[in-house]
Protein chains: 2
Amino acid sequence: MVGYAKGRVRREDIIAAAAAAYGESGYRQASLRDIARRVGISHSGLLYHFPTKEALLTAVLERRDAVDAARERLHGPPGAAVLRSMVSLAAHNTDHPAIVELYSRLAAEAVSPDHPAHGYFARHYRRARDLVRASFTAMAEAGELRDGVDPDRAATVFIALMDGLQVQWLTSPDEVDMTATLRTHLATLLRDGS
Amino acid sequence: MVGYAKGRVRREDIIAAAAAAYGESGYRQASLRDIARRVGISHSGLLYHFPTKEALLTAVLERRDAVDAARERLHGPPGAAVLRSMVSLAAHNTDHPAIVELYSRLAAEAVSPDHPAHGYFARHYRRARDLVRASFTAMAEAGELRDGVDPDRAATVFIALMDGLQVQWLTSPDEVDMTATLRTHLATLLRDGS
DNA sequence: CCTACCGATCGGTAGG
DNA sequence: CCTACCGATCGGTAGG
């Protein structure tokens with residue numbers, strides 16, 4: 001029991017250290033030795049917990065999904081509330097650059113179809129677009145969107161905007177305000193502009 | 001003379017091969033041996049032309065700047081024409097994924113301040129935002145923009161949108177239309193919506 | 001979990 | 001431009 005609990009904590013430590021390393025160096029560039037060093041064990045000690053480098057990446061992505069799923073319950077059905085919660089997420093991210101780096105670096109690395117996280121990001125983008133599109137559609141039906149705003153295109157724009165802002169902000173934190181830019185963009189799409 | 005010309009051609013070959021490798025693997029992951037293999041020389045033969053790995057990266061970025069400068073003369077003063085030429089660029093990029101990969105991968109890698117291309121991308125983003133902002137400002141003064149569209153924020157949005165679309169498109173080419181999405185977005189900002 | 005090791009690969013240098 | 005080499009580092013395995 002005690003041994004099991006200790007193992008679980010150690011695994012969580014390793015996953016957190018790996019996420020940090022992937023954010024700083026990318027997945028391929030991050031070494032098992034560096035991650036192990038952050039946790040205070042040898043690199044083969046790490047391989048006792050995760051049999052391969054790729055298994056550790058999978059664990060990192062699964063933990064992110066678990067965190068996201070826990071948050072997703074907060075914003076319920078598609079609609080304006082979803083978009084507001086995504087703006088809140090951007091505000092939250094402004095105080096947590098490590099998470100932003102993790103996603104931005106892995107997403108760019110995983111454009112190659114042979115990257116082990118490629119499928120993960122393809123699904124991630126599709127789900128995000130679907131959720132945002134459904135939200136814009138609900139808003140259009142409620143008469144909240146300006147005429148001529150297409151929910152499908154607006155969804156692709158919104159997701160791309162969030163991603164592009166992250167890279168620009170990481171590169172030049174003082175010159176880009178993610179939250180305000182997103183908020184202003186959304187106002188542009190609303191009938192009453194508020 | 002003949003020797004010099006041959007050397008120049010060889011250098012151009014190496015730069016092109018390096019750009020391809022950076023697009024596929026990123027700068028840090030791309031090896032001198034792989035790049036040399038593409039050109040048909042040894043990796044130390046490559047180091048005869050470029051003394052360090054970083055010198056080769058600098059050469060790749062300088063060549064991109066030279067190509068961009070040649071194109072820039074085409075779109076003249078800030079204004080709607082600049083934005084149209086950027087949409088054309090997106091259309092052009094749709095047929096040249098290698099260039100898109102090069103930029104997307106290097107930009108994400110270079111968010112770290114200690115990356116050798118960090119300064120390059122910080123300048124690149126600043127210049128792009130300035131040009132687009134000046135263009136939106138000119139359009140606002142000509143009465144072409146909808147009320148409430150702020151040129152400064154619209155510029156950040158436009159650049160972020162272009163970048164974010166590229167990663168989404170590279171990940172799922174069949175699910176994202178970069179050109180149409182950009183065009184639709186621009187129409188949203190215009191007074192007459194055309 | 002560790003030590004000790006493997007084969008492979010890396011950027012760069014020496015010397016021609 | 002090449003061959004030959006350097007020290008460093010990589011992911012993974014053997015054996016405990």
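Below, all heavy atoms of this structure are taken into account, side chains as well, without hydrogens, waters or symmetry copies. Proteins get letters first, then strands, A, B, ... in listed order; numbering begins at 1 in each.
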Discussion item. Expressed as a whole number of angstroms, how long is the span from A/Leu32:CG to C/dC5:P?
Written reply: 21 Å
Discussion item. Measuring to OP1 and OP2 of C/dC2, would you say a side-chain N or O of A/Ser42 lies under 4.0 angstrom away?
Written reply: yes
Discussion item. Using heavy-atom distances to pick each residue's nearest nucleotide on DNA chain C, tell me which of A/Gly40 and A/Arg33 is more 5'.
Written reply: A/Gly40
Discussion item. What I want to find out is whether A/Arg28 reaches A/Glu109 closely enough, with some N-O distance under 4.0 Å, to be called a salt bridge.
Written reply: no
Fill in: Sugar-phosphate, base or nothing in reach of A/Ala30, heavy atoms under 4.0 Å
sugar-phosphate
Discussion item. Salt bridge check, A/Arg129 against B/Glu175: does any charged N sit closer than 4.0 Å to a carboxylate O?
Written reply: yes
Item to complete: For A/Pro51 and for A/Asp34, find the nucleotide of DNA chain D with the closest heavy atom, then tell me which residue's nucleotide is more 5'.
Response: A/Asp34
Worksheet item: Counting side-chain heavy atoms from CB outward, which of D/dG11, D/dA4, C/dG11 is closest to B/Lys53?
Response: C/dG11
Worksheet item: Once you round it to whole Å, what is the distance between C1' of C/dA8 and CD of B/Gln29?
Response: 14 Å
Item to complete: Using atom types as modelled and distance alone, determine if a side-chain donor or acceptor of A/Asp177 lies under 3.5 Å from a backbone N or O of A/Ala180.
Response: yes
Discussion item. Need the pair for C/dC10. Rule: Watson-Crick or G-U wobble, both distances under 3.5 Å, any strand; none if unpaired.
Written reply: D/dG7
Worksheet entry | Whole-Å distance separating the NE2 atom of B/His43 from the C1' atom of C/dG11 | 6 Å
Worksheet item: Over how many whole Å does the gap from A/Leu47 atom CG to D/dG16 atom P extend?
Response: 19 Å
Worksheet entry | Nearest-angstrom distance from the residue atom CG of A/Leu46 to P of D/dG11 | 10 Å
Practice prompt. Could you tell me whether A/Arg126 atom CZ has more than 12 heavy atoms of other residues or ligands within 6.0 Å of it?
Written response: no
Discussion item. For a quick test of reading the model: is some side-chain N or O of A/Ser31 closer than 4.0 Å to OP1 or OP2 of D/dC10?
Written reply: yes
Item to complete: Answer yes if the ring centres of A/His115 and A/Phe121 are under 6.0 angstrom apart, and no otherwise.
Response: no
Fill in: Atom pair distance, as rounded to whole Å: CZ in A/Phe50 and P in D/dT13
16 Å
Worksheet entry | Rounded distance in Å - CZ (A/Arg37) to P (D/dT9) | 8 Å
Worksheet item: How many Å lie between OH on B/Tyr27 and C1' on C/dG11, as a whole number?
Response: 10 Å
Item to complete: Using Watson-Crick or G-U wobble geometry with both distances below 3.5 Å, tell me the partner of D/dG16, or none.
Response: C/dC1
